[in-house]
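Letters go in sequence order (proteins before strands), and every chain restarts at 1. Small disclaimer: the values here were computed from a predicted structure and weren't measured.
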Protein chains: 2
Amino acid sequence: MFSQASEYALRALTELARCEPEKWVLTGELAELLELPVHYLGKVLQNLARKGILESQRGRQGGFRLAAAAEEITVFDVVRELDDVRALETCVMGEASCSDETACPLHSLWKGIRDRFVKSLQSTTLKDLAAFQEQRPGSGRLSAVHPRLPQFRPAKPRRGSQGT
Amino acid sequence: MFSQASEYALRALTELARCEPEKWVLTGELAELLELPVHYLGKVLQNLARKGILESQRGRQGGFRLAAAAEEITVFDVVRELDDVRALETCVMGEASCSDETACPLHSLWKGIRDRFVKSLQSTTLKDLAAFQEQRPGSGRLSAVHPRLPQFRPAKPRRGSQGT
DNA sequence: TGTAAACAAGATAAGCATATCCTAATATCT
DNA sequence: AGATATTAGGATATGCTTATCTTGTTTACA
């Protein structure tokens, strides 16, 4: 239905909605938890940041986070930025002139279904998605992946590779 | 929603359902009436013939025609052959394990809408599409395009190009 | 029997989505 | 200030859909 980019985005945003709103989350953490290609997910997140749905922070302790409260971002908001949602509005049969007045044979059918779908997407927020995932058995959690690493430094040699 | 190929197919098949069932119709006629790229439409029709929805006849007086009665071919039958309809069954959020038991946050919403859509496609036949078009003002008709050309031969020179 | 008409099939190409990698910019920590 | 971690952005590659063109194959008709 949606592009793979939108699917990745929805899954990542759902996870972001599950942790503390202020926390910066790494692309790598999200990719690992959701088992998605890191670099491609990075592109998607960059895109969402440009569109104002995410905020990004470069450098150490950086990452991505929601630009607004989870209950204020709808599924439709997300999909609209990544997919061409206008495609849903176009004629199912690809006719150039198909409107309420001059309808193609499938127009009313498609319009009914599409409108119901869009309304649902508009009334479903990231908070809803997150809440659903909370109650789902076996759904991993972000903080569980990297539970605030205690900044361990293994006395790493600077550059002289000592083999073992 | 559908691929462009499916859209082209639906429009072409609707026209085929509007003329006498036995008549062979040319790709060129369909393309001209529907204003579609001839060669590409040809590929789509070839495909449908291979899948058993159309019959094709080579040579003079050849063309394409429906392989079954228009009331026995559903929109779903057509789309299924050209698009990967299984994509409708897969999770909207792209999750690997999303079923009735282990549902993603959008599963029940999507399932309801998708099922209603598929059922509608399965209960709409080419006859229905054709009947709708009949009553539509300004919808061209195939027989009107080439009303059985009277086999006119303009005494064409064999190979010597005579300029004007 | 030959020729023209028409679909069949293959090669080719553009455009987009997906995916990866590399370098640059930037923020933090020491 | 310098080293390091992290996103940003550009270049590149692959595969699918759409589209066109060319050539082959089949059929009907003269």
From CD of E29(A) across to C1' of dA5(D) the rounded distance in Å is 13 Å
Here the distance between atom C1' of dT26(C) and atom CD of Q57(A), to the nearest Å, is 9 Å
Using a 4.0 Å heavy-atom cut-off across all strands, classify G63(B) as base, sugar-phosphate, or nothing.
sugar-phosphate
Atom CZ of R60(B) and atom P of dC7(C) are separated, to the nearest Å, by 14 Å
Nearest-nucleotide check on DNA chain C, G59(A) vs Y8(A); residue mapping nearer the 5' end is Y8(A)
Between CG of N47(A) and P of dT18(C) the distance, given in whole Å, is 11 Å
Next on the checklist: By the 4.0 Å heavy-atom rule, please label L26(B) as base, sugar-phosphate, or nothing.
Outcome noted: sugar-phosphate
When rounded to whole Å, the OH to C1' distance for the pair Y40(B) and dC16(D) reads 10 Å
Of the listed dA28(D), dC7(C), dA19(D), the closest approach to the S56(B) side chain comes from dC7(C)
dT6(D) base to R58(A) side chain: any donor-acceptor pair below 3.5 Å?
-> no
message: What contact category does Q4(A) fall into here, base, sugar-phosphate, or nothing, at under 4.0 angstrom with non-hydrogen atoms?
response: sugar-phosphate
field: Aromatic plane relationship, Y8(A) with Y40(A) - under 30° parallel, 30 to 60° tilted, over 60° perpendicular
entry: perpendicular
Minimum side-chain heavy-atom gap M93(B)-S6(A) below 4.5 Å: no
Heavy-atom neighbours of E35(A) CD exceed 12 at 6.0 Å: no
- Task: Inspect the surroundings of NZ in K51(B) and state if more than 12 heavy atoms from other residues, nucleotides or ligands are less than 6.0 Å away.
- Result: yes
Atom CG of L16(B) and atom P of dC7(C) are separated, to the nearest Å, by 11 Å
Only residue of I73(B), L16(B), I53(B) satisfying side chain to side chain contact (heavy atoms under 4.5 Å, CB included) with L126(B) is I73(B)
So what does A49(B) touch, heavy atoms closer than 4.0 Å: a base, only the sugar-phosphate, or nothing? nothing
To the nearest angstrom, the CD-C1' distance between Q61(B) and dA30(D) comes to 13 Å
Exercise. Is any side-chain N or O of K43(B) under 3.5 Å from a base N or O of dA9(C), one able to act as donor and the other as acceptor?
Worked result: yes
Closest to the 5' end of DNA chain C, once H39(A) and S3(A) are matched to their nearest nucleotides, is S3(A)
Atom CD of Q46(B) and atom C1' of dT26(D) are separated, to the nearest Å, by 13 Å
